[in-house]
Peer 1: 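Handing you a structure now.
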Amino acid sequence: MLVYPSAIDLSTAHVRYLSRELATRRREIGTRWRRLTVGRQALLALAHLRCGDTYAQLAAGFGIGIASVFRYIREAIEVLAAQAPTLDEAMMTARTKAYVILDSTVLSIDRIAADRPYYSGKKRHHGMNVQVLTDPFGRLLWASPGLPGATHDLTAAREHGIIDTLAGVGLKCWADKAYQGAARNVRVPFKGRRLKRWQRRHNTTHAKIRCVGEQAMATLKSWRLLRKLRCSTNRITNIVKALTLHLASA
């Protein structure tokens, strides 16, 4: 296999942050020696997460076996996932904001057509439903564990406890039509074609506020691994949590 120099569109702060966490992990488990240093392991994991490079490509580039690549990446993801904020911790930050924006995305996965629970009728592909909370400026505050793509957005939000938590802290939330009937503090647009003029103005204003939340989706999708996940669905939640590296080291 040919090997060539490449680049990752991340700052050195990301590598330093992950390196420190991996060094702590190695001290905790008593690791004496490994083929790659913590810095190289961090670079390996980021190349996989950011660029979606395969295990075979990374094994050739870093001069190690494919099994070692798998272990290194899995360890890095677990270390990062452990640092992810819980919903309650995210609410502590959100309470200092005027409001939050609730949205969802269906991450595409490599599944067969028979896996009906994972098929999203809205997106027309198999995937995992992930709920996202952002601040008024579109900065990602929290991302939920993944649920099968057939799960309705409102059902997912209730299952994760998002609706009850928002109501408990009395925080205003802006969301799309899928969250109709969630709670009084969850603002959604009016549905229907024959709307009154003031209702259309409300929907226009609502859309201008909510569209800022799409920046968080762009942040998630900038990690190319999330554009087409080919791993077990049991690992997707940890992968999504691991991307809080983008927040913690920014």
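Just so you know, these numbers use all the heavy atoms, side chains as well, and skip hydrogens, waters and symmetry mates.
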Peer 1: Is a donor on one side and an acceptor on the other found under 3.5 Å between the side chain of H206 and the backbone of A175?
Peer 2: yes
Peer 1: Around atom NZ of K172, are there more than 12 heavy atoms of other residues, nucleotides or ligands at under 6.0 Å?
Peer 2: no
Peer 1: Whether the side chain of Q199 engages the backbone of K196 through a donor-acceptor N/O pair (distance < 3.5 Å, no angle test) should be reported.
Peer 2: yes
Peer 1: Shared ILVMFWY cluster between L80 and V69, side chains joined below 4.5 angstrom?
Peer 2: yes
Peer 1: Do D153 and S104 pair up side chain to side chain, a donor and an acceptor below 3.5 Å, judged on atom types alone?
Peer 2: yes
Peer 1: Just by distance, no angles: are the side chains of R71 and S68 close enough, under 3.5 Å, to form a donor-acceptor pair?
Peer 2: yes
Peer 1: Side chains of R25 and Q41: any donor to acceptor distance under 3.5 Å?
Peer 2: no
Peer 1: Output yes when a side-chain donor or acceptor of T237 lies under 3.5 Å from a complementary backbone atom of P145, and no otherwise.
Peer 2: no
Peer 1: Supply the atom-to-atom distance I239 CD1 to R74 CZ, rounded to the nearest 0.5 angstrom.
Peer 2: 10.0 Å
Peer 1: Would you find a donor on one side and an acceptor on the other, under 3.5 Å apart, between the side chain of R158 and the backbone of I163?
Peer 2: no
Peer 1: Has T24 got a side-chain atom pairing as donor or acceptor with R20's backbone, closer than 3.5 angstrom?
Peer 2: yes
Peer 1: Tell me, with the steps shown, if R187 and Y99 meet side-chain contact (heavy atoms from CB on, under 4.5 Å).
Peer 2: CA-CA 10 Å; R187 308 292 178 85; Y99 59 88; over 6 Å; no
Peer 1: Go through it in stages, so that I can follow the logic: the residues are L133 and M91, the test is side-chain contact (heavy atoms from CB on, under 4.5 Å), and I'd like the CA-CA distance, side-chain angles, deciding distance and then a yes or no.
Peer 2: CA-CA 10 Å; L133 283 173; M91 283 297 109; 3.6 Å; yes
Peer 1: Check the pair V130, L226 against side-chain contact (heavy atoms from CB on, under 4.5 Å), reporting the backbone distance first and the verdict last.
Peer 2: CA-CA 11 Å; V130 175; L226 293 184; over 6 Å; no
Peer 1: Is atom CZ of F190 surrounded by more than 12 heavy atoms (other residues, nucleotides or ligands) closer than 6.0 Å?
Peer 2: yes
Peer 1: Under a 3.5 Å distance rule, please check whether R227 uses its side chain to pair with a backbone N or O of S108 as donor and acceptor.
Peer 2: no
Peer 1: Test T134 against V212 for side-chain contact (heavy atoms from CB on, under 4.5 Å), laying out the working first.
Peer 2: CA-CA 9 Å; T134 70; V212 180; over 6 Å; no
Peer 1: Assess, by modelled atom type and distance only, whether the side chains of S11 and H14 contain a donor and an acceptor separated by less than 3.5 Å.
Peer 2: yes
Peer 1: Who pairs with Y55 by ring pair (Phe, Tyr, Trp, His ring centres under 6.0 Å), at least two apart in sequence or on another chain?
Peer 2: H48, F70
